[in-house]
Amino acid sequence: MKKIVLTMAIIGMICGSALAQSVTEKEVKISGYGEKKLKKAPRKVYIANFRVYFHVIASATAKSTGGSTIGGGSYKGNTYTTMTVAVDGVDVPDFQKITDETYNRFVADLKSKGFEIISTADASKIDFYEDWEMKEGGQVNYANVPGYVSVTPTGTQYMVKKETRKGREKATFIDRTPRISKELEDAIIIEATFAFPFIEMKTNSSNMVGFSSVKAKTSFELGGAAGSDGLTNLYENSQVKFTSGSGAGAAAESYLAADLKKPIALPGVFKDEKFKEFSAAKSTPAYYGNVFVTNTKDQVTNTATCDQQKYVEATTKAINGYIDLALEAFYDNAIK
């Protein structure tokens with residue numbers, strides 16, 4: 001009986017260790033300048049941003065343009081192939097739970113080390129935020145990076161410079177955290193962003209042969225969120241950074257960042273699935289004149305299925321592991 005209990009305990013330790021190590025030191029790059037000056041900064045932090053991007057739908061399009069075939073015997077039509085893949089198995093309440101739990105753990109860790117949290121309500125009073133808008137956390141946004149659900153913690157507030165008609169929240173093009181820190185008496189400004197894409201998509205087409213195709217495969221990871229609103233390419237990279245004071249120009253006096261060296265795979269959450277859509281052009285006889293036929297596969301819907309429990313556990317552990325490494329570097333430089 002003792003052997004069985006001991007064996008189970010060892011297995012539990014191994015499994016727990018494996019899950020806890022979803023993000024390791026080898027996968028995170030710590031960089032910055034003036035980090036040691038963080039020790040001179042007040043024991044006050046303002047979390048200007050804590051946001052998680054969950055990839056929920058991906059779309060790609062391939063097309064080919066038709067024309068006369070070699071020898072002029074017939075005309076190849078145009079092709080247009082679109083694939084849309086959506087996540088199945090998790091929903092907004094899961095995303096909110098992940099965001100809230102990781103944020104609350106983050107704040108508790110900072111407080112345990114003696115850091116005071118400056119509220120957004122207090123931070124909003126500085127001159128820098130005079131023409132900014134305060135928004136409530138805990139409300140998802142679908143426009144910040146199309147295809148992703150952007151989630152902020154419940155019970156928090158955050159500032160935005162402006163919001164587009166489509167709902168995309170915009171800040172400033174240049175990093176202004178040094179100025180914010182200066183106006184908050186050199187308090188440490190923290191920004192934390194995490195993104196979880198779930199699929200890789202590739203397009204292929206040939207005008208000569210007359211075909212277009214879209215291929216995709218599930219690939220769940222902690223990495224970057226990329227999308228487009230039709231006019232602007234949008235990208236949010238996973239990062240945790242700390243800024244204090246205002247230096248020369250727009251630079252900070254102290255800056256410390258934890259970045260991923262490359263995306264970190266989170267296996268076992270989604271089924272290993274591959275998807276493919278293909279369109280071949282029709283041909284029409286030359287004597288029909290200059291006629292082009294368009295073959296279209298538009299708005300094709302596929303679903304990528306995930307295990308809800310594993311999704312919540314994997315993303316939560318990835319964020320917590322990433323934050324732990326960032327805080328370790330921060331405490332090494334900020335605590336006397």
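Computed from heavy atoms alone, side chains included, the values below leave out hydrogens, waters and symmetry copies.
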**OP:** Name all residues meeting the salt bridge (Lys or Arg N to Asp or Glu O under 4.0 Å) criterion together with Glu25; count only those two or more places apart in sequence or in a different chain, and write none if there are none.
**Re:** none
Original post:
Is the backbone of Glu169 close enough, under 3.5 Å, to the side chain of Asn144 for a donor and an acceptor to pair up by distance?
Top reply: yes
Original post:
Of all residues at least two apart in sequence or in a different chain, which pass the ring-ring contact (aromatic ring centres under 6.0 Å, His included) check with Tyr103?
Top reply: Phe50
**OP:** Mind checking salt bridge (Lys or Arg N to Asp or Glu O under 4.0 Å) for Asp272 and listing every partner two or more places apart, or none if nothing turns up?
**Re:** none
Original post:
Is Ile98 reachable from Tyr53 through a run of hydrophobic residues whose side-chain heavy atoms are each under 4.5 Å from the next?
Top reply: no
Original post:
Excluding sequence neighbours, so at least two apart, what forms side chain to side chain donor-acceptor pair (under 3.5 Å) with Asp332?
Top reply: none
**OP:** Using the six-membered ring wherever Trp is involved, compare the ring planes of Phe242 and Phe330 and label them parallel, tilted or perpendicular (cut-offs 30° and 60°).
**Re:** parallel
Original post:
Distance only, no hydrogens: is a donor on one side chain within 3.5 Å (strictly under) of an acceptor on the other, for Thr102 and Asn320?
Top reply: no
Original post:
Is there side-chain contact between Tyr129 and Ile180, with heavy atoms separated by less than 4.5 Å?
Top reply: yes
Original post:
Residues two or more places apart in sequence or in another chain: which of them pass ring-ring contact (aromatic ring centres under 6.0 Å, His included) with Tyr158?
Top reply: none
**OP:** Locate the shortest heavy-atom distance separating Pro146 from Ser228; write the atom from each residue and the value.
**Re:** CG-O, 3.3 Å
Subject >> Modelled atom types, side-chain donor and acceptor of Glu313 and Thr316, under 3.5 Å >> reply: no
**OP:** Mind checking side chain to side chain contact (heavy atoms under 4.5 Å, CB included) for Lys113 and listing every partner two or more places apart, or none if nothing turns up?
**Re:** Asp109, Phe115, Tyr331, Ile335
Subject >> Heavy-atom closest contact (Asn237 atom, Tyr235 atom, distance) >> reply: OD1-OH, 3.5 Å
**OP:** Flag the pair Cys306 / Val90 as yes when at least one side-chain heavy-atom distance between them is below 4.5 Å, and no otherwise.
**Re:** yes
Original post:
Does atom NZ of Lys182 have more than 12 heavy-atom neighbours from other groups under 6.0 Å away?
Top reply: no
Original post:
With hydrophobic residues grouped by side-chain heavy-atom distances under 4.5 Å, do Val145 and Val85 end up in a single group?
Top reply: no
**OP:** List in chain and number order the residues that pass ring-ring contact (aromatic ring centres under 6.0 Å, His included) with Phe198, two or more places apart in sequence or in another chain; answer none if no residue qualifies.
**Re:** His55, Phe270
Subject >> pair Val140-Phe95: side-chain heavy atoms closer than 4.5 Å >> reply: no
Subject >> Phe196 ring center near Tyr311 ring center (under 6.0 Å) >> reply: no
Original post:
Would you say Leu234 and Val160 are hydrophobically clustered, going by side-chain heavy atoms of ILVMFWY under 4.5 Å?
Top reply: no
**OP:** Look at the side chain of Asp175 and the backbone N and O of Thr177, then say whether any donor-acceptor pair between them is shorter than 3.5 Å.
**Re:** yes
Subject >> Side chains of Val45 and Ile118 in contact at under 4.5 Å (non-hydrogen atoms) >> reply: no
Subject >> ILVMFWY cluster, Tyr148 and Ile264 together (side-chain gap under 4.5 Å) >> reply: no
**OP:** Check whether any side-chain heavy atom of Val52 lies under 4.5 Å from a side-chain heavy atom of Val149, and answer yes or no.
**Re:** no
**OP:** May I have all residue pairs that pass salt bridge (Lys or Arg N to Asp or Glu O under 4.0 Å) and include part of residues 30-47, sequence neighbours excluded?
**Re:** none
Original post:
What residues form a side chain to side chain donor-acceptor pair (under 3.5 Å) with Glu183, not counting sequence neighbours?
Top reply: Arg179
Original post:
Between Ser219 and Ile199, is there a donor-acceptor pair closer than 3.5 Å when you use the side chain of the first and the backbone of the second?
Top reply: no
Original post:
Can you check whether Thr24's main-chain N or O pairs, donor with acceptor, with Glu27's side chain at less than 3.5 Å?
Top reply: yes
Original post:
Which atom pair, heavy atoms only, marks the closest approach of Pro42 to Ile188?
Top reply: O-CD1, 4.1 Å
Original post:
Hey, any chance Val151 and Leu222 share a hydrophobic cluster, counting ILVMFWY side chains that come within less than 4.5 Å of each other, even indirectly?
Top reply: yes
**OP:** Mind checking side chain to side chain donor-acceptor pair (under 3.5 Å) for Asp122 and listing every partner two or more places apart, or none if nothing turns up?
**Re:** Ser119
Original post:
Would you say Gln309 has more than 12 foreign heavy atoms packed within less than 6.0 Å of its CD?
Top reply: no
Original post:
Taking atom OG of Ser238 and atom CD of Glu221, what is their separation to the nearest 0.5 Å?
Top reply: 9.5 Å
Original post:
Does any non-hydrogen side-chain atom of Phe106 lie less than 4.5 Å from one of Ile190?
Top reply: yes
Original post:
Do the side-chain N and O atoms of Thr193 and Asn49 include a donor-acceptor pair separated by under 3.5 angstrom?
Top reply: yes
**OP:** Please name all residues satisfying salt bridge (Lys or Arg N to Asp or Glu O under 4.0 Å) with Arg105, sequence neighbours left out, ordered by chain then number.
**Re:** Asp324
Original post:
With sequence neighbours left out, which residue pairs that include part of residues 252-265 fulfil the side chain to side chain donor-acceptor pair (under 3.5 Å) condition?
Top reply: Gln239-Asp259
Original post:
Okay, side chain of Ser244, backbone of Asp186: is any donor-acceptor separation there less than 3.5 Å?
Top reply: yes
Original post:
More than 12 foreign heavy atoms under 6.0 Å from NZ of Lys135: is that the case here?
Top reply: yes
**OP:** Report yes or no: do Gln308 and Asp94 form a side-chain donor-acceptor pair below 3.5 Å?
**Re:** yes
Original post:
Hey, is the main chain of Leu256 close enough, under 3.5 Å, to the side chain of Tyr33 for a donor-acceptor pair?
Top reply: no
Original post:
Heavy atoms, side chains only, cut-off 4.5 Å: are Leu260 and Val28 in contact?
Top reply: yes
Original post:
Would a distance-only check, ignoring hydrogens and angles, find a side-chain to backbone donor-acceptor pair under 3.5 Å from Asn141 to Gly167?
Top reply: yes
Subject >> Polar side-chain atom of Thr152 near backbone of Gly138 as donor-acceptor pair, under 3.5 Å >> reply: yes
